[in-house]
2 protein chains.
Amino acid sequence: MNNMAKTENTELKIVEAATSVFVHKGFDGARMQEIADKAEINKAMVHYYFRTKQKLFERVFENVFEVVAERISSSLETSKSIDELLENITGTYFSVLAEKPYIPDFVIHELNRNPELIVHIIKTRGINKAKLSELIITEIQSRSLKPFDPLQIIVNVLALTIFPFAASSIIKGFIFEGDTEKYDKFVNERRQHIIDFVKSAIFKDQKT
Amino acid sequence: MNNMAKTENTELKIVEAATSVFVHKGFDGARMQEIADKAEINKAMVHYYFRTKQKLFERVFENVFEVVAERISSSLETSKSIDELLENITGTYFSVLAEKPYIPDFVIHELNRNPELIVHIIKTRGINKAKLSELIITEIQSRSLKPFDPLQIIVNVLALTIFPFAASSIIKGFIFEGDTEKYDKFVNERRQHIIDFVKSAIFKDQKT
DNA sequence: ATACGATTTAACTATTTGGTTAAACCAGTT
DNA sequence: AACTGGTTTAACCAAATAGTTAAATCGTAT
C-alpha cells in the first residue's frame, strides 16, 4: 500500500470544503471550482476522488444527515418518559442546530428537490417511530394525558424545534425587524419555552 | 398606444411559467429556456420583457409572497380573540398551502440564500406584529391565560402550521414510510389538532 | 537508482447557460 | 400603399461549468 495518510487527508479536505459549499448554496448553487478552491487543491482532484458532482453531493448529504440522525436517535433511545423525551429531543436539536443552523433548510430543500434520496436514506436509517408512539401512548394512558394523536405530537415537537432554525431569516427579519440581539434572546429562551408549552398542552394537571 | 392586450397576455404567460419553474426548482435550478418553453414563446421574449433572470425572479417572488401575505394579513385584521386568531391563521394557511404546498420551502430557501430580499419586502409589507402581540397580551390578562411570551406563541402557531408543508417529504417519508393515504389523513386532521393543541397549552381551564 | 503505482497538476473539451442582435412581423396611422 | 413602433423570432455570443486527459510528481518497495 502507498501513502494512505495523504489520500485520506485530501479526501477529507474535499468533503469538508464540499460540505460547507453545498450546505450554504445547495446542489444547484454549488460550484466544483469553489469546492476545489476552498479545499486548496486542483479542481481535477475533486473529480479524481469523487468522479461527479452528484456522487460528491450524496456523500456530503449522507454525512450531514448522519451526524444529526446519530445524535438524535441515540438521545431518543434513552428516554423513558415524556418529560425525558422532551428534554432530550429539544436539547439535542438545539445543541446541533445552534452550531449548524443551516442544516434544516439544506435537508428540507434537497429532499424536496430530490425525494428519491429519502428512500435511499430510510433504508440505512429507520427512525424508531413505532417505539416513540408506544412510549407516548403508554404515557397517555398511565398518566392520564390529553388524548392527542402521538404522531401529531411528534410532528409538533419537531416543528416547534426545527422551524425557527429553518426560517430564521424570516423570523429575524419579520418578527424582530433585523434586531439580532432580540432574536438571540428569543432563541435562547425557546428551548425551555417549547418544553413548557408542550407539557402545558398534553398534561391535564398543569405542571408549569 | 399599440396592441396592449397581446403584451399583457405574453407577460402574464411568462410570469406564470416562471413562477412554476422558480417555485419548484429554485433560482439556481431554474433555466430561462425551460421558462420560455413552458410559456410557449421564444427565449428572447423572456429577456425582452424582464431583461434578466434576477429581475424576473424578483417579480415572481414578490407575487408569490404577495398572494400569501395578502390572505394572511387580511384574515388577521378581523381577529378579535385568541380563538378567532387561531381559527383564522390556521384556516388561511391550510387553504393556501393545501393548494400550493411548495411555497414554504421556496420562500424559506430563497430568503436564506438572499437575506437582502427580506429588507426589500418588509418595506412594502410590514406584518402587524405589534397588534398581534397586543391582542395576545390583553387576552392573557383578561382571560387568565398562561403567561407565555406572545412572540413565542406566534412563532409556535407558524411553526405548527407551516413546518409540515415545508418538510412534507420528510414527514411523508420518515413518519409515514411513504404511505400517502396516511399522510393525507394526517394533514386533514392537523388543522383542528393545532387549534386544540395550542388552546390546551395556553388556557388554564382546559377547553378541549 | 530505479521501477511502479498512486497522486497531483495544467491545459483542454464539450455543453450549457444567460443574454444579445438584427432582421422579420404585425397592427394601427397617415 | 408606405410608415411607424411595439412585438417576435432565429441565429448568435461569451462566459461559465462539469468533466477529461496526458504528463509530471512523489513516495515506497525492490
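Sequence lines set the chain letters: A, B, ... in the order given, protein chains first and strands last, and positions in each chain run from 1.
- Every pair passing side-chain hydrogen bond (donor to acceptor under 3.5 Å, both in side chains) that includes a residue from residues 157-172 of chain A is listed here, sequence neighbours excluded: A:Ser169-B:Asn112.
- Taking atom NZ of B:Lys55 as the reference point, atom C1' of C:dG19 lies 13 Å away to the nearest angstrom.
- Atoms CE (B:Met45) and C1' (C:dC25) sit 12 Å apart, rounded to a whole Å.
- Residues that satisfy the ring-ring contact (aromatic ring centres under 6.0 Å, His included) test with A:Tyr183, not counting sequence neighbours, are absent from this structure.
- Taking atom OH of A:Tyr49 as the reference point, atom C1' of C:dT9 lies 13 Å away to the nearest angstrom.
- Taking the ring-ring contact (aromatic ring centres under 6.0 Å, His included) definition, one finds that B:Tyr102 meets it with B:His24, sequence neighbours left out.
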Footprint string (nucleotides 11-24 of chain D, 5' to 3'): B base within contact, S backbone only, - free, heavy atoms under 4.0 Å | ------SBBBB---

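- Among residues two or more places apart in sequence or in another chain, the ring-ring contact (aromatic ring centres under 6.0 Å, His included) test is passed with B:Phe50 by none.
- Residues forming a ring-ring contact (aromatic ring centres under 6.0 Å, His included) with A:His193 (at least two apart in sequence, or on another chain): A:Phe197, B:Phe148.
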